[in-house]
Protein chains: 2
Amino acid sequence: MATMQDVARLARVSVSTVSYALTGARPISQATRAKVLAAMAELDYQPNAMARGLASRRSRILGLLLPMDERGLGATETAFVTGAAAAASAAGYHLMLSPIGVGDLDELRRLASQRMLDGALLMEVQLHDPRVDVLRELGVPLVLIGRTADTDGLSYVDIDFDQTVRAAVGHLVDLGHRRIVYVNHSADTLAEGYGPALRTRDAFTAAMTGHGLEPLMIPAEDSAAGGRAALATALRRAPDLTAILAMNESAVFGLLGELATRGRSVPDDVSVVSMVTSPQVAELATPALTAMSSPGSAVGRIAIETLLRHVDAGDGQINQQLMPCALEVRGSSGPPRTEGKPTEAARRRAATRRRA
Amino acid sequence: MATMQDVARLARVSVSTVSYALTGARPISQATRAKVLAAMAELDYQPNAMARGLASRRSRILGLLLPMDERGLGATETAFVTGAAAAASAAGYHLMLSPIGVGDLDELRRLASQRMLDGALLMEVQLHDPRVDVLRELGVPLVLIGRTADTDGLSYVDIDFDQTVRAAVGHLVDLGHRRIVYVNHSADTLAEGYGPALRTRDAFTAAMTGHGLEPLMIPAEDSAAGGRAALATALRRAPDLTAILAMNESAVFGLLGELATRGRSVPDDVSVVSMVTSPQVAELATPALTAMSSPGSAVGRIAIETLLRHVDAGDGQINQQLMPCALEVRGSSGPPRTEGKPTEAARRRAATRRRA
DNA sequence: CGGCTCAGTCGAAGCGTTTCGACTAACCGC
DNA sequence: GCGGTTAGTCGAAACGCTTCGACTGAGCCG
């Protein structure tokens, strides 16, 4: 493995000149630079990351603090990660994967104190997330994907839940729905202070009230069974419901299954709109889900770019960014059934069946 | 940030003594060790990872080479990653996430040449995976999750597709099915040399032939639409099919949807068994999928442990390990419909409906 | 033309560890 | 009581880079 010494020797210049040619920290003449680059190419030189990190006190490593439970990553979160990975790689940085949740603060403290991280990207952020305090205390620049309750002096990229819920409710109201139930994440998740669950809850209340409608929210466990249970609860508490808005990607499948089992057709009897869902997942359901489509890898990319600005500029300015979700109408939403006359969607499906 | 110097000064010993007390590379008396540890605690000392890496020529970082496409990570792959992350962390190692596929060999070469990786874990391995050659050439220890065609001198952990397919086919044959169709990954994926697709194809042929049955495989795009299309093809080529074995997690949902659309009930008209599927995903479907359940995080853990053995022992012995998938019978499989008399599953479901 | 600035280069001092050789004392067997 | 281990400690030399201060000419201004 060639070192900078070797390159310097071969190019007949000093080590520092090689370094400057490589980093551009000081001006180097064209001729010298060419000699150096030629030597590097000949020796297949690659700078040693550890030595560089030690001398420059910059590791060029960013931490990706991603708590991973057994549920796996949804397409939405995976898109965040790929976006982040691509952006980091493009900037010459590396991503260190640390499945550190709010539980292992000691682990986080250790990692950050080892000066291995130039900055950190926090995922699965909770409203009161102690990881933020730890990193701030240790002087590690950070950016959130999601956001805490108090975002003072913090950069973040998050989904605009307010806009998303408003658009989804608006879509259903436009179709003529009045009795809309919101299926959220579980009660535990809410109690824990999981931001998206709380923010969508409030946004739903606001949106429904704004339309002069009564908001009804049902928490559901993150599983098919949770969705089934939620549907049962929903039908008990609002037997006349005609539409369901679902935040919970796992539950929505159980919910659809239970609707089918009970002989309620989608969208004729009940419309279903899924929140923050990737197209791929929306298409899995039958009928394909009308959904608010998550902004995808852009979130991760912007978060990394913001983080790098903090890292380089010694805490540049704060960037707080909310990304909208776009309404994508598919087969799971339609006008509510009107007494006597079949809906447009029903006619369409009948036609399809005849063709088949 | 305290350095080893500070600790040494406070404990009134030399720097090297502190180092030995920390790493245990040489014997240190109880008394001295205690003094050193006390000083460390008082100063909140954490060794600098870069300095340590430079001096020891070991970064304590393992690369996780995980190509990530837009599809997202399934629960199965996520489990591999969490298992790997946990095992690495337990051993005091860090995991560097590099979304490097067979495409970016230069990127990989650069990463590995920077001496930033003590070893690498390759995921999404293809039968002829050039990443293996690059890493071997650069002397980076590696372990595969999955395996190449030629596994000579390579350690890997993979799913035992042979056993898995045999068990799944066996389950269906035991139920009385004779006409079983296998829905695999896409033709492109097969052509690309994706191991699981090829291995299950061959295993399916062998298993069916072993039972004296005719094997029929249908490739399907990794999407709901792909599953729907595959079902259409399957019904055209084998109108009398009574069971489907599916490798393709995305396609299986489209397949179920299309079966429902066509009025074929599962499992009475058609049994469906999903391969290498996590319980969470299997439960999402209605009815819940009978599946070969993936071994989960154990795969990642074993892979990391093997990798660390190679890293420490300077290429210890090769470890090639196949992990079985367990059959988990749920609602999507049952005996084929027999002329005239309703199946057991049909009776059960009728009873359920009455109760509801 | 004397004094400036500035591009271009060099040497050397770190950065914070690990690790090697050397040294001392204590301990062993005989 | 003598060579030979061995436990325990120290000092110093790496490890491979960045970065600072200093030096040299060349170009420029008045």
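All figures in this text were calculated on a predicted structure; none of them were measured in a lab. Chain A is the first sequence line, chain B the second, and so forth, proteins listed ahead of strands; every chain is numbered from 1.
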Next on the checklist: Need to verify one output field. Residue with the more 5' nearest nucleotide on DNA chain C, B:Thr17 or B:Leu54?
Outcome noted: B:Leu54
When you check the phosphate oxygens OP1 and OP2 of [N], does a side-chain N or O of [X] lie under 4.0 Å from one of them?
| X | N | value |
| --- | --- | --- |
| A:Ser16 | C:dA12 | no |
| B:Arg52 | C:dT18 | yes |
| A:Ser56 | D:dT19 | no |
| A:Ser29 | C:dT9 | yes |
| B:Ser19 | C:dT18 | yes |
| B:Ser14 | D:dC10 | yes |

Please determine whether a side-chain nitrogen of the Lys or Arg among [X] and [Y] lies less than 4.0 Å from a carboxylate oxygen of the Asp or Glu.
| X | Y | answer |
| --- | --- | --- |
| A:Asp129 | A:Arg147 | no |
| A:Asp133 | A:Arg136 | no |
| B:Asp104 | B:Arg131 | no |

Side chain of [X], backbone of [Y]: donor and acceptor closer than 3.5 Å?
| X | Y | value |
| --- | --- | --- |
| B:Ser89 | B:Ala85 | no |
| A:Arg12 | A:Leu10 | no |
| A:Asp158 | A:Ile145 | no |

Using whole Å, what does the distance between atom [atom2] of nucleotide [N] and atom [atom1] of [X] come to?
| X | N | atom1 | atom2 | result |
| --- | --- | --- | --- | --- |
| A:Met40 | D:dG16 | CE | C1' | 13 Å |
| A:Asp6 | D:dC15 | CG | P | 11 Å |
| A:Gln5 | D:dG16 | CD | P | 9 Å |
| A:Leu43 | D:dC17 | CG | C1' | 16 Å |
| A:Gln114 | C:dT17 | CD | C1' | 13 Å |
| A:Arg58 | C:dG14 | CZ | P | 22 Å |
| A:Met50 | D:dC15 | CE | C1' | 12 Å |
| A:Met1 | D:dG16 | CE | P | 11 Å |

Checklist entry - Which nucleotide sits closest to the side chain of B:Met4: C:dC10, C:dC15, C:dT17? => result C:dT17
Next on the checklist: Of the listed nucleotides (D:dG16, C:dT18, C:dG16), which one gets closest to any side-chain atom of B:Asn48?
Outcome noted: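 The answer is C:dG16, which lies nearest to the side chain.
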Item to check | A:Tyr20 (side chain) and D:dC17 (base): donor-acceptor pair under 3.5 Å | outcome: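 It does not, because no donor-acceptor pair links the side chain of A:Tyr20 to the base of D:dC17 below 3.5 Å.
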Item to check | Side-chain-base donor-acceptor pair under 3.5 Å for B:Arg26 and C:dT19 | outcome: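 By the distance-only test, no, there is no pair.
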Next on the checklist: At 4.0 Å (heavy atoms only), tell me whether A:Ile28 reaches a base, stays on the sugar-phosphate, or touches nothing.
Outcome noted: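 Sugar-phosphate contact only - A:Ile28 comes under 4.0 Å of backbone atoms but never of a base.
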Item to check | 5′-ward residue of the pair B:Pro27/A:Ala51 relative to DNA chain D | outcome: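 First, find each residue's nearest nucleotide; the 5'-ward one identifies B:Pro27.
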